[in-house]
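Counting convention: from 1, in listed order, for ligands and their atoms alike. Here the structure is a predicted model, which means the values were calculated and not measured.
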Amino acid sequence: ELEDPDSEENPRKKRRSGDVAVVVEHYNARPDVGVEQRQESPIIGLKSFNNWVKSVLITRFAHPVLAASSGQRRGRMRGRVLDMGCGKGGDLTKWAKANVAEYIGLDIAAVSVDQARQRHAGSRGARFTAEFFALDCYTHVLSDALPPHLLSTPFDVVSLQFCMHYAFESEAKARTMLRNVATWLRPSGVFIGTIPDAQQLMDHLDAVPKDAKELSWGNSVYKIRFEDRENRPMFGHRYWFYLQDAVDDVPEYVVHWDNFVRMASEYGLELVYKKEFHQIFEEHAEHPEFAPLLERMRVVDSNGESHMDEDQWEAANVYVGFAFE
Ligand code: SAM
């Protein structure tokens with residue numbers, strides 16, 4: 001176990017200030033409500049859809065790489081996954097279905113990390129080995145923070161779901177994130193993720209009327225607010241994000257896409273897939289494997305009717321999914 005990054009004795013805690021502190025406090029404070037209560041969420045349709053998109057990405061891009069892994073093997077279970085920004089372990093079941101042999105979950109929010117660890121320990125289907133650490137993955141390089149044996153075999157898959165945008169606060173953080181992704185990823189391994197779509201954010205920002213009191217838009221489900229219309233830096237391009245029953249006005253950063261792809265290539269990462277969420281839906285909604293999954297994951301009901309209202313659908317479309325090799 002690593003030192004507790006939230007302990008008052010931890011010198012790093014004192015240096016953690018500003019936006020990062022807001023993000024950590026926000027995620028630590030959100031309770032893990034459990035499977036049943038999760039179904040009561042007013043945006044359960046959207047949450048289910050986001051989970052379906054992640055399942056599609058994991059199945060399409062991670063399953064083949066894990067199946068071809070020559071690394072860690074136990075029975076038919078293969079491969080190693082690094083989940084950076086793992087949160088409360090919301091993807092553990094997806095990785096169990098991927099037959100992964102070994103999983104490492106990292107997150108800056110120590111309370112979430114504990115909940116993820118408990119979730120793995122308590123789940124009947126958790127046949128794979130999992131280790132969890134509280135770590136700021138955008139400030140610290142993994143080799144300084146993790147026990148060396150965890151890095152002696154490369155990862156087959158690195159996953160950053162709904163969290164990579166926090167790294168774009170500064171170039172140094174984005175580069176540390178990419179270094180952590182790429183250094184221990186095996187050749188032909190994949191890096192998958194989900195982030196807000198910069199193009200859409202910029203288009204919306206351009207569309208805010210000149211005389212508007214606030215540089216914001218959204219609906220009953222989400223709200224995005226910028227502080228500046230003209231200044232659009234490649235790093236530290238901040239906005240405030242609110243998502244009903246999920247994110248309470250937290251600072252996030254635009255991931256300017258071409259800049260990100262260019263930088264990723266410096267770390268040997270080559271883009272193989274990028275789609276907006278609604279495109280991912282259209283591409284897979286009739287698919288023999290992913291169509292039934294829409295119903296099983298309660299994105300649609302047995303008549304094929306969506307559980308998402310229009311506002312939730314619009315909020316879902318803020319995001320893009322990607323895969324690099
Ligand atoms: N990946 C999970 C999922 O898809 O359910 C959680 C997503 S949640 C929206 C974003 C997560 O990013 C939070 O758990 C937060 O603590 C984590 N995060 C933000 N900054 C981080 C950092 N510097 N290092 C590690 N995790 C970070």
Side-chain angles (χ1 to χ4, degrees), residues 2 5-6 12-13 15-33 38 41 43 46-58 62 81-95 103-117 119-120 132-142 144-146 157-170 172-181 191-196 222 238 241-253 255 277 297 315-316 318-319 321:
L2 293 175
D6 285 337
R12 286 182 202 156
K13 159 99 179 180
R15 289 207 301 274
R16 188 186 285 160
S17 58
D19 288 359
V20 177
V22 176
V23 170
V24 175
E25 272 159 34
H26 168 76
Y27 284 110
N28 270 336
R30 282 206 72 79
D32 186 15
V33 295
R38 214 169 292 135
S41 167
I43 58 156
L46 171 59
K47 289 185 175 176
S48 305
F49 178 67
N50 287 343
N51 273 316
W52 178 82
V53 170
K54 290 193 281 183
S55 292
V56 169
L57 290 175
I58 288 171
V81 170
L82 173 64
D83 191 357
M84 277 177 15
C86 66
K88 300 172 176 57
D91 293 340
L92 284 168
T93 310
K94 301 176 192 71
W95 294 116
Y103 167 101
I104 312 285
L106 310 175
D107 198 287
I108 195 171
V111 176
S112 297
V113 169
D114 283 342
Q115 289 169 348
R117 189 181 293 115
R119 198 160 172 171
H120 174 260
F132 300 87
F133 300 92
L135 183 71
D136 181 342
C137 303
Y138 310 151
T139 303
H140 301 288
V141 287
L142 300 191
D144 287 346
L146 295 184
V157 179
V158 178
S159 177
L160 275 89
Q161 303 301 335
F162 298 104
C163 60
M164 196 190 76
H165 37 293
Y166 296 112
F168 280 72
E169 181 178 5
S170 67
K173 285 191 178 192
R175 287 191 178 277
T176 302
M177 177 276 292
L178 280 168
R179 195 172 150 193
N180 283 337
V181 169
F191 161 38
I192 53 176
T194 41
I195 50 169
Y222 82 106
R238 185 167 64 174
F241 185 64
Y242 161 82
L243 181 67
Q244 185 186 16
D245 195 36
V247 181
D248 312 308
D249 210 26
V250 164
E252 299 194 351
Y253 306 92
V255 180
F277 272 25
M297 294 183 80
V318 169
Y319 292 91

State which residues pass side-chain contact (heavy atoms from CB on, under 4.5 Å) with Asp249; sequence neighbours excluded, sorted by chain then number.
-> Arg225, Trp240
Decide yes or no on side chain to side chain contact (heavy atoms under 4.5 Å, CB included) for Asp107 and Asp83, but give the supporting numbers first.
-> CA-CA 9 Å; Asp107 198 287; Asp83 191 357; over 6 Å; no
Side chains of Ser41 and Asp245: do they bring a donor and an acceptor to under 3.5 Å?
-> yes
Could you give the N/O to N/O pairs under 3.5 Å linking ligand 1 and the protein, each with its distance?
residue: ligand 1; atom: 1 (N); partner: Gly85; partner atom: O; Å: 2.6
residue: ligand 1; atom: 1 (N); partner: Gln161; partner atom: O; Å: 2.8
residue: ligand 1; atom: 4 (O); partner: Lys54; partner atom: NZ; Å: 2.7
residue: ligand 1; atom: 5 (O); partner: Lys54; partner atom: NZ; Å: 3.4
residue: ligand 1; atom: 14 (O); partner: Asp107; partner atom: OD1; Å: 3.3
residue: ligand 1; atom: 14 (O); partner: Asp107; partner atom: OD2; Å: 2.7
residue: ligand 1; atom: 16 (O); partner: Asp107; partner atom: OD1; Å: 2.6
residue: ligand 1; atom: 23 (N); partner: Asp136; partner atom: OD1; Å: 2.8
residue: ligand 1; atom: 24 (N); partner: Cys137; partner atom: N; Å: 3.0
residue: ligand 1; atom: 26 (N); partner: Ile108; partner atom: N; Å: 3.2

Between Gln161 and Ile192, does a side chain to side chain contact (heavy atoms under 4.5 Å, CB included) hold up when you go through it step by step?
-> CA-CA 8 Å; Gln161 303 301 335; Ile192 53 176; 3.8 Å; yes
Output field: ring centroids Tyr138/Phe168 closer than 6.0 Å = no
Any donor-acceptor N/O pair, Asn180 side chain to His140 backbone, under 3.5 Å | yes
